[in-house]
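Predicted, not measured: the structure shown is a model, and the values here were computed from it. Values reported hereafter were calculated over all heavy atoms of this structure, with side chains retained and with hydrogens, waters and symmetry mates removed.
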Amino acid sequence: PIPCVPWQSQPWLSLSYAIKAKSQFKQRSTASNVEIHIPVPPDADTPAFKASIGTVTYAPEKDVLIWTIKQFPGAKEFMMRAHFGLPSIGGELDDRSDTRA
């Protein structure tokens with residue numbers, strides 16, 4: 001398992017992930033077709049990704065982010081960053097501020 005800790009830069013508007021994947025096998029070995037699945041909130045939208053290797057896709061029907069790495073060499077580490085908007089939380093806060101006025 002790969003530890004994953006989401007970071008909220010503006011808790012009511014967005015959610016950001018910084019994922020580090022590190023191979024813990026010998027340098028001469030290579031893992032093929034690696035898929036890393038990262039759960040995201042069901043209301044996440046407007047995804048933006050940046051990965052040092054591989055491709056990143058968002059599967060909203062599964063509420064998951066999928067980072068695919070074709071060849072993952074041993075004794076290496078790679079980074080992926082993702083950013084999502086959270087409209088329902090932002091909407092809830094907007095509604096609360098309207099009722100206080």
**Student:** Can you tell me how far CD1 of Ile19 sits from CD1 of Ile38, rounded to the nearest 0.5 angstrom?
**Tutor:** 4.5 Å

**Student:** Can you name the nearest heavy-atom pair linking Phe72 to Ala21, along with the distance?
**Tutor:** CZ-O, 3.5 Å

**Student:** Taking side chain as C-beta onward, heavy atoms only, is Pro47 less than 4.5 Å from Leu65?
**Tutor:** no

**Student:** Kindly compute the distance separating CD1 (Ile69) from CG (Asn33), expressed to the nearest 0.5 Å.
**Tutor:** 11.0 Å

**Student:** Answer with yes or no whether the hydrophobic clustering places Val34 together with Ile66; edges join I, L, V, M, F, W, Y residues whose side-chain heavy atoms lie under 4.5 Å apart.
**Tutor:** no

**Student:** Heavy-atom count around Gln24 CD within 6.0 Å, excluding the residue itself: above 12?
**Tutor:** no

**Student:** Identify the heavy atoms of Ala51 and Val56 that sit nearest to each other, and give their distance.
**Tutor:** CB-CG2, 3.9 Å

**Student:** How far apart are the closest heavy atoms of Ala44 and Phe84, and which atoms are they?
**Tutor:** CB-CD2, 3.7 Å

**Student:** Which pair of non-hydrogen atoms, one from Ser23 and one from Ala75, has the smallest distance, and what is that distance?
**Tutor:** OG-N, 2.9 Å

**Student:** To check you understand the geometry: which heavy-atom pair defines the closest contact between Val64 and Pro39, and what is its length?
**Tutor:** CG2-N, 4.2 Å

**Student:** Can you list every pair that meets side chain to side chain donor-acceptor pair (under 3.5 Å) and has a residue in residues 47-60, with sequence neighbours left out?
**Tutor:** none

**Student:** Heavy atoms only: give me the nearest Thr46-Gly85 pair and the separation to one decimal.
**Tutor:** OG1-N, 3.3 Å

**Student:** So, do Ile53 and Lys76 sit near enough that their side-chain heavy atoms are less than 4.5 Å apart?
**Tutor:** no

**Student:** Hey, could you give me each pair passing side chain to side chain donor-acceptor pair (under 3.5 Å) that has a residue in residues 62-75? Not counting sequence neighbours.
**Tutor:** Ser32-Gln71

